[in-house]
Amino acid sequence: MAPTLSTSQFSNPAEVTDFVVHKGNGVKGLSETGIKALPDQYIQPLEERLINKFVNETDEAIPVIDMSNPDESKVAEAVCDAAENWGFFQVVNHGVPLEVLDDVKAATHRFFNLPVEEKSKFTKENSLSSTVRFGTSFSPLAEKALEWKDYLSLFYVSEAEAEQFWPDVCRNETLEYMNKSKKMVRKLLEYLGKNLNVKELDETKESLFMGSIRINLNYYPICPNPDLTVGVGRHSDVSSLTILLQDQIGGLHVRSLASGNWVHVPPVPNSFVINIGDAMQILSNGRYKSVEHRVLANGYNNRISVPIFVNPKPESVIGPLPEVIANGEEPIYRDVVYSDYVKYFFRKAHDGKKTVDYAKI
């Protein structure tokens, strides 16, 4: 039985919030009631809605890099170039088996199609582990306007911990996706590191660049008034590197560093979208750029995406790498404990690139 909401319930924002957030229906449940109008608390401020109207009027496109090119120096150069000039790129022929990608997409749909009482076992109030979180929007308590998205967030501690606490319907597929993409992630980080005079990814660098991993399964249901809201508001990621698997629906937009235009990232079959996160911007002393991006809501299709956030260890201290400032370059960021940086990010609503200023000298 689809959840039902009478029209009168929509006139009361508290009841919508209760239905979506506290009862665990998410925006998927809201969408499935067949609502014809977007509830008020999802209506974004005017400037955010205006962006929705002007997103496709550019012929810019983020680079697509073929990782199977036998000339590895060409691949490395393309990756570092994209990291400096775009902060975003897509990779094809990346070596991650395609069935692994199909399996994790199918598992994402399986999780979100579970009955509400099953998904609710993983909300903040009910979850048996702080590493597993089913939720909606970004930070409902901090936001003035909510985002049209539900998610399951999984912080990887160990296989045993995942075995115990991650949902059965998607655990194995998600772990497989994480494990099978590690080699590619390492390769990308090696390319980026070498360009910063980091000779090799030893243990110290490994814990800085890829010491912890979080995977999100994201669900963006059909929205009654997509122009009035967003799937995800403007932000840059707090990761070192984000690896995104998107389906064929599209909706991700990136702000071009060159023009300031919003550029759509079209779904390329069997590709990953890779982006630089704030941690990498700080470690590279600003050479690599984490870039604002956002996801539009959609009036016709349910969309899913599965990002892997590759991060420093929570206790790592991040600041410009010694290798980067060895040549006398002035540091533009101070040293911060990574977990403090992340807490700062989650305490507020999405606000573009403002988080990184927290680490500025």
Side-chain angles (χ1 to χ4, degrees), residues 61-72 74-76 78-79 82-83 86 88-114 149 151-154 156 159 162-163 166-192 210 213-221 231-232 237 239-254 264-277 293 295 298 300-310:
I62 72 166
V64 178
I65 299 170
D66 183 344
M67 288 187 77
S68 66
N69 185 335
D71 185 348
E72 206 180 349
K74 283 270 192 301
V75 181
V79 166
W86 271 100
F88 261 87
F89 51 97
Q90 298 203 60
V91 293
V92 292
N93 300 323
H94 39 66
V96 183
L98 303 181
E99 61 273 18
V100 171
L101 308 188
D102 291 339
D103 288 351
V104 78
K105 285 192 269 195
T108 300
H109 281 288
R110 264 202 309 280
F111 174 78
F112 286 101
N113 287 331
L114 286 173
K149 173 187 103 167
Y151 65 86
L152 175 71
S153 181
L154 303 164
Y156 179 76
E159 297 269 336
E163 198 54 52
W166 291 16
D168 297 344
V169 293
C170 56
R171 177 200 310 114
N172 297 346
E173 295 79 2
T174 308
L175 286 171
E176 183 76 346
Y177 167 52
M178 179 187 84
N179 290 325
K180 287 282 194 279
S181 61
K182 271 210 176 108
K183 194 172 154 193
M184 171 193 73
V185 168
R186 219 196 136 82
K187 203 83 211 127
L188 292 169
L189 289 168
E190 278 170 3
Y191 295 152
L192 293 166
M210 53 187 298
I213 287 183
R214 177 184 296 282
I215 303 174
N216 276 15
L217 311 186
N218 293 331
Y219 192 92
Y220 302 93
V232 178
D237 294 347
S239 55
S240 335
L241 210 57
T242 302
I243 313 299
L244 176 79
L245 176 62
Q246 56 170 347
D247 62 15
Q248 291 309 297
I249 308 298
L252 171 64
H253 289 79
V254 172
H264 183 233
V265 180
V268 171
N270 306 323
S271 71
F272 287 112
V273 179
I274 313 283
N275 65 281
I276 300 295
H293 50 288
V295 174
N298 179 309
Y300 305 102
N301 298 97
N302 299 315
R303 174 181 183 263
I304 58 157
S305 70
V306 194
I308 299 178
F309 299 101
V310 180

Do [X] and [Y] come close enough that some side-chain heavy atom pair is under 4.5 Å?
X	Y	answer
Ile304	Leu217	no
Val295	Asn218	no
Ser305	Tyr220	yes
Phe272	Leu245	yes

Step by step, work out the side chain to side chain contact (heavy atoms under 4.5 Å, CB included) result for His94 and Ile243.
-> CA-CA 12 Å; His94 39 66; Ile243 313 299; over 6 Å; no
Is the side chain of [X] donor-acceptor paired with the backbone N or O of [Y] at a distance under 3.5 Å, no angle test?
X	Y	value
Tyr177	Val306	yes
Ser240	Val310	yes
Arg171	Ala162	yes
Arg303	Asp247	no

Trace of the side chain to side chain contact (heavy atoms under 4.5 Å, CB included) decision for Ile249 with Tyr300 | CA-CA 9 Å; Ile249 308 298; Tyr300 305 102; over 6 Å; no
Could you list the donor-acceptor pairs under 3.5 angstrom formed between side-chain atoms of residues 96-108 and any protein atom two or more places apart in sequence or on another chain?
unit_1	atom_1	unit_2	atom_2	d
Thr108	OG1	Val104	O	2.8

With under 30° as parallel and over 60° as perpendicular, where do the rings of His264 and His253 fit, or are they tilted in between?
-> tilted
Determine the interplanar angle of the Phe88 and His293 rings, folded into 0 to 90°, and report it as parallel if under 30°, tilted if 30 to 60°, perpendicular if over 60°.
-> perpendicular
What distance do [X] atom [atom1] and [Y] atom [atom2] have between them, rounded to the nearest 0.5 Å?
X	Y	atom1	atom2	answer
Asp168	Arg110	CG	CZ	10.5 Å
Asn172	Glu163	CG	CD	6.5 Å
Asp237	Leu244	CG	CG	9.0 Å

Are Ile276 and Leu192 close enough, and set up right, to give a side chain to side chain contact (heavy atoms under 4.5 Å, CB included), and what steps lead you there?
-> CA-CA 10 Å; Ile276 300 295; Leu192 293 166; 4.1 Å; yes
Criterion side chain to side chain contact (heavy atoms under 4.5 Å, CB included) on Asn275 and Val254, from CA distance to verdict = CA-CA 10 Å; Asn275 65 281; Val254 172; over 6 Å; no
What pairs with Ser271 under side-chain hydrogen bond (donor to acceptor under 3.5 Å, both in side chains), at least two apart in sequence or on another chain?
-> Gln90
Can you name the residues that form a side-chain hydrogen bond (donor to acceptor under 3.5 Å, both in side chains) with Asn302, not counting sequence neighbours?
-> Tyr219
May I ask you to check whether over 12 heavy atoms, not counting those of Lys183, lie within 6.0 Å of atom NZ?
-> no
Exactly one of Val265, Leu188, Val64 clears side-chain contact (heavy atoms from CB on, under 4.5 Å) with Phe89, and that residue is Leu188
